[in-house]
K.L.:
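Submitted below is the structure of interest, expressed as structure tokens.
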There are 2 protein chains.
Amino acid sequence: MGIFVGIDLGGTNIKIGCFDSEIKLICKTSVPTEAEMGPKVVIERIAETIGKLLREGGFSIKDVAAVGLGCPGPARYREGIIESATNLPKFKDTPIRQMLEDKLGKPVVFENDANVACWGEYVLGAGMGVKDMVFFTLGTGIGGGIISGGKLLAGSGDNAAELGHIIVYPDGRRCNCGQRGCVEAYASASNTAKRAIEAGAESSLKKVLKEKGKITSRDVYEHLKRGDGLAKEITDGTAKALAILCVNMLHTTEPKRIVFAGGMIAAGDILLDRIRDYFNEQIWSLKKETVEICFATLGEDAGIIGAAALAKQIS
Amino acid sequence: MGIFVGIDLGGTNIKIGCFDSEIKLICKTSVPTEAEMGPKVVIERIAETIGKLLREGGFSIKDVAAVGLGCPGPARYREGIIESATNLPKFKDTPIRQMLEDKLGKPVVFENDANVACWGEYVLGAGMGVKDMVFFTLGTGIGGGIISGGKLLAGSGDNAAELGHIIVYPDGRRCNCGQRGCVEAYASASNTAKRAIEAGAESSLKKVLKEKGKITSRDVYEHLKRGDGLAKEITDGTAKALAILCVNMLHTTEPKRIVFAGGMIAAGDILLDRIRDYFNEQIWSLKKETVEICFATLGEDAGIIGAAALAKQIS
């Protein structure tokens, strides 16, 4: 009794975790999404995987109190409907919450994937002890979540906190979303790497590009640590865009803590310090600001933890 | 019985209104702040003015249920303390709420002036019928307010929604706050006028500058209506900065309605249409957005109405 299941449904993988009533991880797994098979097959696989995972832990579906499901937006979360997720093209207008509830016979809470990870960090990770937090995942794209007064900010149509698409450089780089100058077009892991590829400057990264045919954000910060000039310039650009984002968030929802997560944070303090430097350089002088800028602590489990914690809230 | 008093304390004038329990205006007045006399004298004047206003309406202080006070930030609103308001220099570390409560013997609610006007528009003006709204006042500076899920967003230190200081052009024009590229540095009434003065282009506005020694935002939109090229260019710059702000707010708190107030909206549809055009040009194509961008409807009374409506909430 009192098991909470957290599901993080991505375009590539589905992560699933079983948690006790204190949201302590009992067991977890990851399976390929195979999104091209469509929602019915994927729901089937989710249910099978949960069943198997529960059995391995000595439980059955009867022990489950509620299920949390995180999924990329935009979607009509309150209605439980995926509208047109970029990474799940066959899921157009899919009533995924109802389908999963019918399949499992358990209540399902449905939320944006970044919001779910944000909630995980808020209740059990880097956000502990504050009531107002902003959260960013720096991955292929940039996702976001906002906690205001201890609650996830939902927005009028459940799509608040699409923070990767805040414009930091008007008329700047084209973003996948159609806008120009989004922070995602500069500071996501993939765009940080892309900016390095596009740059003309001499750099030890050029050898990587020649040998592997590509540069990743990991290459950028590894060469940064070795003192490469271009890697420093690219990282500075990423840090500055993120610092402007921090300034703008402070003047909007006024968080006490701003938390960065995702692949990019493997760059470590060298990136975090640059973000803080640019923030201090850009922020107003009207009053002293004490917002903390830090990295997430839950790693890749934030999504399943947050989904399970949200499930606990509804049960 | 059941009178609510709304006070809008500005650097130049204090506006005071008496409202019935439906927040219908009974009577109002405006007196000079004379902020240089310090908080004690100003509180005295506020109390006297309220007393006089009540008598004129056939009431006395006994009939007052509660009082709302709006005041420029940053301040520690929950604690009731003005820290260091730019326009009220002698009010440093003034426990203004307590002072007013002691003087009047009535409960006082204390809020940011833009938040108070935002609340007024939300409950009785342009925000009626929605639960998520963003509000901007375009005056000497740009103030802001955010309603999320039917509540004023407060922030971790009561200074959320300082929306005039959102950076729209990094490394851009210097703002009074010390930052660079704030939307206020482009799109406030005073900076719209300033940009026209600084511009080199030939324009019918040059004659105004020569004759009056200055250009106001009113001059800009009057010459805009007469077809002046520079006035159009300056207005376009204002509209574009505000449109970027609208895009960024949509991706942050996802309002259903964005409301502009303040002196600048006298420019009329010619400005509003340009903001909407730029918004449609800048916004993403991931999904159709239905946010409404409109002007406030309560005019200069929004502050006293909102303050009285907030007072009603606490009583």
K.L.:
Checking A:Ala241 against chain B: side chain, backbone, both or neither under 4.5 Å from a heavy atom?
P.N.:
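Neither part, no heavy atoms under 4.5 Å.
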K.L.:
Sort A:Ile146 into side chain, backbone, both or neither according to what part of it lies under 4.5 angstrom from a heavy atom of chain B.
P.N.:
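Only the side chain of A:Ile146 comes within 4.5 Å of chain B.
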K.L.:
Is it the side chain or the backbone of A:Met133 that comes within 4.5 Å of chain B heavy atoms, both, or neither?
P.N.:
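A:Met133 has no heavy atom closer than 4.5 Å to chain B.
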K.L.:
Present all donor-acceptor pairs from chain B to chain A with distances below 3.5 Å, rounded to 0.1 Å.
P.N.:
residue  : atom : partner  : partner atom : Å
B:Ser156 : N    : A:Glu254 : O            : 2.9
B:Ser156 : N    : A:Glu254 : OE1          : 3.3
B:Ser156 : OG   : A:Glu254 : O            : 3.0
B:Gly157 : N    : A:Glu254 : OE1          : 2.8
B:Gly157 : N    : A:Glu254 : OE2          : 3.4
B:Asp158 : N    : A:Glu254 : OE1          : 3.2
B:Asn159 : N    : A:Glu254 : OE1          : 2.8
B:Ala160 : N    : A:Glu254 : OE1          : 3.4
B:Ala161 : N    : A:His251 : O            : 3.3
B:Ala161 : N    : A:Thr252 : O            : 2.8
B:Glu162 : N    : A:His251 : O            : 2.8
B:Ile167 : N    : A:Asn248 : OD1          : 2.7
B:Ile167 : O    : A:Asn248 : ND2          : 3.1
B:Asp171 : OD1  : A:Lys240 : NZ           : 3.3
B:Asp171 : OD2  : A:Lys240 : NZ           : 2.5
B:Cys177 : O    : A:Ser285 : N            : 2.9
B:Cys177 : O    : A:Ser285 : OG           : 3.1
B:Gln179 : OE1  : A:His251 : NE2          : 2.7
B:Gln179 : OE1  : A:Trp284 : N            : 3.0
B:Lys240 : NZ   : A:Asp171 : OD1          : 3.2
B:Lys240 : NZ   : A:Asp171 : OD2          : 2.5
B:Asn248 : OD1  : A:Ile167 : N            : 2.7
B:Asn248 : ND2  : A:Ile167 : O            : 3.1
B:His251 : O    : A:Ala161 : N            : 3.3
B:His251 : O    : A:Glu162 : N            : 2.8
B:His251 : NE2  : A:Gln179 : OE1          : 2.7
B:Thr252 : O    : A:Ala161 : N            : 2.8
B:Glu254 : O    : A:Ser156 : N            : 2.9
B:Glu254 : O    : A:Ser156 : OG           : 3.0
B:Glu254 : OE1  : A:Ser156 : N            : 3.3
B:Glu254 : OE1  : A:Gly157 : N            : 2.8
B:Glu254 : OE1  : A:Asp158 : N            : 3.2
B:Glu254 : OE1  : A:Asn159 : N            : 2.8
B:Glu254 : OE1  : A:Ala160 : N            : 3.3
B:Glu254 : OE2  : A:Gly157 : N            : 3.4
B:Trp284 : N    : A:Gln179 : OE1          : 3.1
B:Ser285 : N    : A:Cys177 : O            : 2.9
B:Ser285 : OG   : A:Cys177 : O            : 3.1

K.L.:
Quick check for you: among A:Val130, A:Ile167, A:Val168, which has the greatest number of heavy-atom pairs under 4.5 Å with chain B?
P.N.:
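Heavy-atom pairs under 4.5 Å are most numerous for A:Ile167.
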K.L.:
Non-hydrogen atoms of chain B under 4.5 Å away: do they reach the side chain of A:Val247, the backbone, both or neither?
P.N.:
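Only the side chain of A:Val247 comes within 4.5 Å of chain B.
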K.L.:
Under a 4.5 Å heavy-atom cutoff, which of B:Cys177, B:Gly178, B:Gly157, B:Cys175 has the most pairs with chain A?
P.N.:
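Ranked by contacts with chain A, first place is B:Cys177.
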K.L.:
Is chain B contacted by the side chain of A:Leu153, its backbone, both, or neither, given a heavy-atom distance below 4.5 Å?
P.N.:
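Side chain only.
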K.L.:
Considering only heavy atoms, which portion of A:Leu286 lies under 4.5 Å from any heavy atom of chain B: side chain, backbone, both, or neither?
P.N.:
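For A:Leu286, the contact with chain B is made by backbone and side chain together.
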K.L.:
Is chain A contacted by the side chain of B:Leu163, its backbone, both, or neither, given a heavy-atom distance below 4.5 Å?
P.N.:
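Backbone plus side chain of B:Leu163, per the 4.5 Å heavy-atom cut-off to chain A.
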